Structures are given as structure tokens and as C-alpha cells.
Amino acid sequence: MKWVYVEDIGKHVGEEVCIKGWVYHLRSIGKVCFVVVRDGTGIIQCVVTQADSPEAFAAFDSLTLETSCEVTGVVREDRRAPGGYELLTGSLKIVHRSEDYPITPKEHGIAFLMERRHLWLRSSRQNSILRIRAEVMRACRDYLDERGFVEVDAPILTPASVEGTTTLFETDYFGERAFLSQSGQLYNEAACMALGKVYCFGPTFRAEKCKTRRHLTEFWMLEPEIAFANLEDIFQVAEGLVCYIVERVLERHMRELENLGRDIARLEAIESPFVRITYDEALEILAQEGHRIEWGEDFGGDEETILSSAYEKPVFIHRYPVKAKAFYMQPDPENQELAMCTDMLAPEGYGEIIGGSERIHDLGLLERRLEEFGLPREPFEWYLDLRRYGSVPHAGFGLGIERTVAWICGIRHVREAIPFPRLIYRVYP
RNA sequence: UCCUCGGUAGCUCAACGGUAGAGCAUCCGGCUGUUAACCGGAGGGUUGCAGGUUCGAAUCCUGCCCGGGGAGCCA
């Protein structure tokens with residue numbers, strides 16, 4: 001018997017096929033039973049009657065949610081079936097009977113679901129989110145690969161921090177201290193001096209004790225870095241990348257977006273050019289909205305929400321005060337108090353998804369900054385070497401995958417945008 | 001870490017000082033086109049833990065544990 005996946009079922013109308021999957025839903029009205037089976041690619045309703053499938057009909061009462069099974073039957077188009085196709089069941093073989101599956105089609109609290117994340121992944125909503133996540137990651141690689149970037153992996157175990165202020169996960173490394181990477185950027189800078197255009201893509205770790213819908217302690221970041229590039233180049237790559245990601249998801253995952261109830265028009269509106277405003281202009285907008293913040297302070301969640309809700313498309317905010325940003329950022333030649341940096345805020349209140357900058361390429365200035373930020377010199381010696389041997393202006397940025405996925409999917413919290421989220425009070429499962 | 005809300009049946013919640021309740025899930029029965037099907041019946045509880053106040057505590061007080069929402073920070 002030919003094994004087919006539900007996503008291809010439309011190509012087999014009238015044929016007898018085998019579906020392998022799990023019981024997703026059960027309904028009976030006496031002489032006719034409906035077994036809805038999911039196989040990871042979709043769901044299909046299997047119709048079971050005494051006449052067509054006496055054995056399966058007799059076994060119906062013993063079926064339970066998430067019992068794994070192999071169903072054979074003839075594919076039929078039927079408007080009454082969810083998805084438009086159904087299987088006239090001939091036989092139903094139980095692979096393994098599931099006992100007391102805890103997640104029912106009814107409502108559950110978030111704590112209950114997070115505790116059972118390993119099972120929650122089976123639901124159609126999580127299925128859609130994970131498929132879109134995979135597409136976002138594929139689109140990131142395709143966009144950069146097609147433009148001559150080389151993927152160069154950065155280490156996860158590192159001797160020093162990238163941004164001194166941020167808390168790091170510390171680990172014992174054969175008697176020495178090592179930290180889980182909070183960014184691949186420093187290594188990217190070395191790699192771009194070797195290969196010109198590079199990116200790294202992997203998990204990063206931040207031991208910040210923060211509990212908001214946009215924070216994880218372990219999250220994935222895409223970080224391109226380009227030798228001889230400036231802030232203008234960063235604007236262009238970042239904008240092109242984000243447009244490409246959205247376009248790809250719209251092109252290949254309309255079904256998933258609809259399943260999530262996403263307002264498609266909001267995504268279709270995402271196209272070049274994006275608005276660019278300076279930090280100073282952002283302060284004026286915030287003041288108009290009644291939010292006064294001191295010059296020099298970074299924006300908080302409230303400020304980001306106001307700014308990102310003000311536009312239909314993502315918006316760049318550039319030239320933040322140097323003192324609000326990381327030690328390695330190049331100052332603006334026209335105003336030494338400003339950094340040549342930019343954040344990209346996603347619309348609809350989603351906030352920051354990208355942070356990037358020109359990097360300091362002058363050895364003396366970088367040494368002074370390390371000192372000003374109170375960072376130890378020794379772990380950064382190799383990084384300083386990059387400024388000793390053919391230093392060039394260069395720039396790069398980081399794109400947060402979970403925040404991007406949450407925005408595209410229209411979900412409130414980043415914890416659903418990663419298969420197994422790590423949060424301040426959760427490392428299980 | 002701080003602020004704030006919460007923890008009652010397998011799940012989601014009600015009862016707010018006077019005998020512990022509903023819907024769903026589970027089990028039993030009925031129904032030939034259901035869409036989170038529907039109808040009838042049954043079982044199911046040391047009210048997060050420890051102390052205190054009271055004739056009487058799920059309810060009020062104290063401490064602890066666990067979780068939700070938010071903040072500093074950031075992608």
C-alpha cells in the first residue's frame with residue numbers, strides 16, 4: 001500500500017493509500033465514526049463505518065487521542081471534511097496506544113502547556129509557528145549566501161564578554177572560567193577580515209534576570225559582518241534581508257499564517273524603503289506622545305512600543321548616544337557623542353529585532369573604550385590584533401530570530417517562537 | 001532582583017467566614033455526516049506547603065514554595 005503524506009493527499013483522489021500518523025480528534029454519531037489523523041504535514045478526517053471497515057469500526061471505542069496508527073483507505077474530495085479531503089477507511093492499524101494524553105482540545109494555562117512543551121509541539125498552532133521559524137532561518141541563509149557571504153561559525157564557549165554590562169552564564173572550563181557566548185560578533189570581525197563578507201548563525205546566551213515577552217535566556221541570532229562597510233551599507237543589507245524574509249514566508253507559508261490568524265495585509269505592506277529616524281528625532285516623537293526621557297538614555301519597552309506602532313513598516317533608529325551603547329561602536333565623525341549605530345524596530349508594537357553598528361577600527365580609540373567601560377585587557381588582546389594588522393572600517397548587525405518569528409506569526413510572546421524556550425524560571429523540558 | 005496578580009477535581013474556573021460547585025476531560029448508555037458534535041447517567045477533592053486568628057478557614061493574618069503579567073537590560 002502506498003504511504004502518502006497528508007500534504008500531498010490532493011494528488012491521490014480516488015486511490016487507495018496509507019496514512020501514518022497520530023489520532024488528533026475523535027467523533028462518533030453511532031453508525032459513523034470520524035477519526036481525524038495528523039501526520040505532521042496536515043490533518044485528514046478518516047470516515048469509519050460498519051459496512052466499509054468492520055474491524056476499525058469495532059476498534060473505534062478503544063482509540064484515544066495521540067494513539068499512533070496507520071490508516072488505509074480511498075481518498076475522496078468532500079466539502080464536509082476539514083481540509084477538503086477525507087479517507088474512506090478500509091483498515092486502521094494501531095502502532096501504539098496513547099494513554100491519558102494530557103493536552104485536550106480545550107483550553108489550558110500557559111504554565112501547564114510549557115511544562116509539557118514536548119507534547120504541545122504537536123498542536124497545529126505550534127506546528128505552524130515552527131514551520132515558519134524554519135522558513136525564516138532558511139531565508140536568512142539564502143539571502144546572504146546569494147550575496148556572497150560566507151557562513152563562519154563563532155564559538156559558544158568564550159573567554160570574555162562582548163558587552164561588559166550584560167550578565168553572562170559562567171561555566172568551569174577545566175579549572176578556568178569560560179562563558180557562554182552572548183554574541184558571535186567579535187569572532188565575526190576576525191572572520192570578515194579573512195573572508196570579506198561573513199555571517200554567523202547560532203544560539204546565544206544572556207543571563208539577564210528579565211521576564212518579559214521579548215526575552216529568552218537562550219535565543220538564536222543571525223549576525224552578518226562586512227569589511228569596508230559603513231552604516232549606510234548596514235541599512236541596505238538589513239532592509240533587504242527583512243523584506244526577503246517576509247516575502248518568502250508569504251510565498252511559501254500562507255496556510256500557516258492563516259492558521260495563526262495573522263493579518264496578512266500587515267505583512268504584505270512590508271517593502272523598501274523603511275523610514276530612518278535619528279535618536280534625537282525619536283525623542284521628539286516620544287515627547288509628542290507624552291513620553292519624556294533624558295537625552296542619553298536608551299529606550300525601554302514602552303518607548304519601543306510607541307515608536308514601532310507609529311509606522312506600518314519596520315523603522316530604523318540610528319545614531320544613539322555613545323554612552324547608551326556598547327564599547328566597540330564607532331563614533332559619528334560629525335558628533336563624537338553619537339554612535340554610528342542603528343536598531344530596527346518591527347511594527348505593530350513588536351519592537352527591536354535588529355541592532356547593528358560601525359565598529360571602531362582605530363587601535364588607540366578601542367583601547368581607550370575598553371578602559372572607559374572597565375573591561376579587562378587580556379581577553380581582548382586577539383581582538384585588538386585585528387586593529388594592528390591591516391585594520392579597516394567595518395560594520396555588522398544582529399537579527400534576533402525569535403523576535404522576528406514572533407512578529408511575522410503575530411504571536412505575543414517569544415517563548416512560542418522557539419521549540420524549547422529557556423526562560424528565567426524555566427529550563428524544563 | 002523589584003512591582004503586581006494568582007495557586008480549589010485531569011484541565012479551565014466559581015464559591016470570598018458557616019456541609020466543596022460548574023463546564024470540559026474520563027467511564028457507562030443513545031444517535032448514519034460529525035466539525036472543540038449532541039443527548040442522558042456515573043465516578044472524581046487533605047482547596048500549593050507550614051504556622052496563626054476564630055465556636056468554625058478554600059476564604060482573614062504571617063512565612064515559605066511554585067507560576068502568570070510587567071520593569072531594569074537587550075536580539
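Because the structure is predicted, anything quoted here is derived from the model rather than measured.
Comparing B/A71, B/A75, B/U34 by their closest approach to the side chain of A/Asp302 singles out B/A71. You'll find that the side chain of A/His413 is closest to B/G69, out of B/G67, B/C73, B/G69. Distances from the side chain of A/Thr104 to the nucleotides B/U32, B/A25, B/G33 place B/A25 closest.
The environment of A/Phe60 atom CZ is dense: over 12 non-hydrogen atoms of other residues, nucleotides or ligands sit within 6.0 angstrom.
Toward the 5′ end of RNA chain B lies the nearest nucleotide of A/Thr49, the other residue of the pair A/Leu26 and A/Thr49 mapping further downstream.
When heavy atoms are screened at a 4.0 angstrom cut-off, A/Asp298 is found touching the sugar-phosphate backbone but no base atom. If you check every strand for non-hydrogen atoms under 4.0 Å, A/His215 touches a base. A/Phe112 comes within contact range of the sugar-phosphate backbone alone, with a heavy-atom separation under 4.0 Å but no base atom that close. A/Gly351 comes within 4.0 angstrom of no nucleic acid atom, judged by non-hydrogen atoms across all strands. Nucleic acid contact for A/Arg116: none, since no nucleic acid atom lies under 4.0 Å from a heavy atom of the residue. Using a 4.0 Å heavy-atom cutoff across all strands shown, A/Gln45 reaches at least one base atom of the nucleic acid. Counting non-hydrogen atoms under 4.0 angstrom, A/Ile29 reaches a base of the nucleic acid. At a threshold of 4.0 angstrom between heavy atoms, the contacts of A/Arg213 are confined to the sugar-phosphate backbone, with no base atom among them. No contact: A/Arg79 has no heavy atom under 4.0 Å from any strand. A/Ile354 comes within contact range of the sugar-phosphate backbone alone, with a heavy-atom separation under 4.0 Å but no base atom that close. Within 4.0 Å of A/Phe397, counting heavy atoms only, lies no atom of the nucleic acid at all. Looking at heavy-atom distances under 4.0 Å, A/Ser28 makes contact with a base.
One finds a salt bridge joining A/Glu135 and A/Arg138 here, because a Lys/Arg side-chain nitrogen approaches an Asp/Glu carboxylate oxygen to under 4.0 Å. A salt bridge is defined here as a Lys NZ or Arg NE, NH1 or NH2 lying under 4.0 Å from an Asp or Glu carboxylate O, and A/Asp343 with A/Lys325 meets this definition. The existence of a salt bridge linking A/Arg133 and A/Glu402 is confirmed by a sub-4.0 Å separation between a basic side-chain nitrogen and an acidic carboxylate oxygen. A salt bridge is absent between A/Arg368 and A/Glu371; no separation between the charged side-chain nitrogens and carboxylate oxygens falls under 4.0 Å. Here A/Glu66 pairs with A/Arg38 in a salt bridge; the nearest charged N to carboxylate O distance falls below 4.0 Å. At a threshold of 4.0 Å, the pair A/Glu232-A/Arg276 counts as salt-bridged, since one of the basic side-chain nitrogens sits closer than that to a carboxylate oxygen. One finds no salt bridge joining A/Arg214 and A/Glu352 here, because no Lys/Arg side-chain nitrogen approaches an Asp/Glu carboxylate oxygen to under 4.0 Å. Under 4.0 Å is where a charged nitrogen must lie from a carboxylate oxygen, and between A/Glu146 and A/Lys197 no such pair does. A/Arg319 has no carboxylate O lying under 4.0 Å from a charged side-chain N of A/Asp280, or vice versa, which leaves the two without a salt bridge.
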**Item:** Intra- and interstrand pairs of RNA chain B - dot-bracket, Watson-Crick/G-U under 3.5 Å, | marks other strand
**Value:** (((((((..((((....[..)))).(((((.......))))).....(((((..]....))))))))))))....
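Taking 3.5 Å as the limit, the base of B/C74 and the side chain of A/Glu304 contain a donor-acceptor pair of atoms between them. Applying the 3.5 Å distance criterion, the base of B/C74 shares a donor-acceptor pair with the side chain of A/Arg403. Evaluation of atom-type donor-acceptor distances gives a pair under 3.5 Å for the side chain of A/Arg76 against the base of B/G33. Judged by distance alone with a 3.5 Å cut-off, no donor-acceptor contact links the side chain of A/Glu115 to the base of B/G67.
To the nearest whole angstrom, the two P atoms, one in B/C65 and one in B/C73, are 27 Å apart. Between B/U59 and B/G18, the two C1' atoms lie 11 Å apart (nearest whole Å). Taking atom P on both nucleotides, B/C60 is separated from B/U47 by 16 Å, rounded to a whole Å. For B/A22 and B/G45, the P atoms lie 14 Å apart once the distance is rounded to whole Å. Comparing B/G33 with B/C27, their C1' atoms are spaced 26 Å from each other, to the whole Å. Going from the P atom of B/C31 to that of B/A20 covers 40 Å, rounded to whole Å. Remark: the separation of the C1' atoms in B/C11 and B/C16 is 23 Å, to the nearest Å. Look at the P atom in both B/G70 and B/A58: the space between them is 33 Å, to the nearest Å.
Separating the CZ atom of A/Phe34 from the P atom of B/U34 is a distance of 7 Å, rounded to the nearest angstrom. In this structure, A/Leu180 atom CG and B/C74 atom P are separated by 19 Å, rounded to whole Å. Distance, A/Arg117 CZ to B/G67 C1': 17 Å, rounded to whole Å. Protein atom CG of A/Asp61 is 10 Å distant from nucleotide atom P of B/G30, rounded to whole Å. Put simply, CD on A/Glu303 is 15 Å from P on B/G70, counting in whole angstrom units. In this structure, A/Asp78 atom CG and B/G33 atom P are separated by 13 Å, rounded to whole Å. A/Arg214 places its CZ atom 9 Å from the P atom of B/G70, with the value rounded to the nearest Å. Remark: P of B/C24 and CZ of A/Arg27 are 16 Å apart, rounded to the nearest angstrom.
When the salt bridge (charged side-chain N to carboxylate O under 4.0 Å, His left out) test is applied to A/Arg125, the partners found at least two apart in sequence or on another chain are A/Glu416.
In terms of modelled atom types and a separation under 3.5 Å, the side chain of A/Tyr101 and the main chain of A/Leu119 share a donor-acceptor contact. Remark: the backbone N or O of A/Gln185 is paired with a side-chain donor or acceptor of A/Ser183 at under 3.5 angstrom.
The side chain of A/Arg412 contributes an N or O atom lying less than 4.0 Å from OP1 or OP2 of B/G70.
Using cut-offs of 30° and 60° on the angle between ring planes, the pair A/His318 and A/Phe235 is perpendicular.
Residue pairs that meet the side-chain hydrogen bond (donor to acceptor under 3.5 Å, both in side chains) test with at least one member in residues 418-429 of chain A, sequence neighbours left out, are A/Glu115-A/Arg426.
The only member of A/Arg206, A/Arg403, A/His413 that meets side chain to side chain contact (heavy atoms under 4.5 Å, CB included) when paired with A/His215 is A/Arg403.
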Between the protein and nucleotides 39-43 of chain B, list every N/O to N/O distance that falls short of 3.5 Å.
none

Distances under 3.5 Å between nitrogen or oxygen atoms of protein and nucleotides 1-6 of chain B:
| from | atom 1 | to | atom 2 | distance (Å) |
| --- | --- | --- | --- | --- |
| B/U1 | OP1 | A/Lys209 | NZ | 3.3 |
| B/U1 | O4 | A/Lys209 | O | 3.0 |

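A cation-pi arrangement is present between A/Arg117 and A/Trp120, with the terminal nitrogen or guanidinium carbon under 6.0 Å from the aromatic centre and inside a 45° cone about the axis. Geometrically, A/Arg141 does not engage A/Tyr143 in a cation-pi contact, judged by NZ or CZ lying under 6.0 Å from the ring centre and within 45° of the ring axis.
Within residues 91-99 of chain A, no residue has any heavy atom under 4.0 Å from RNA chain B.
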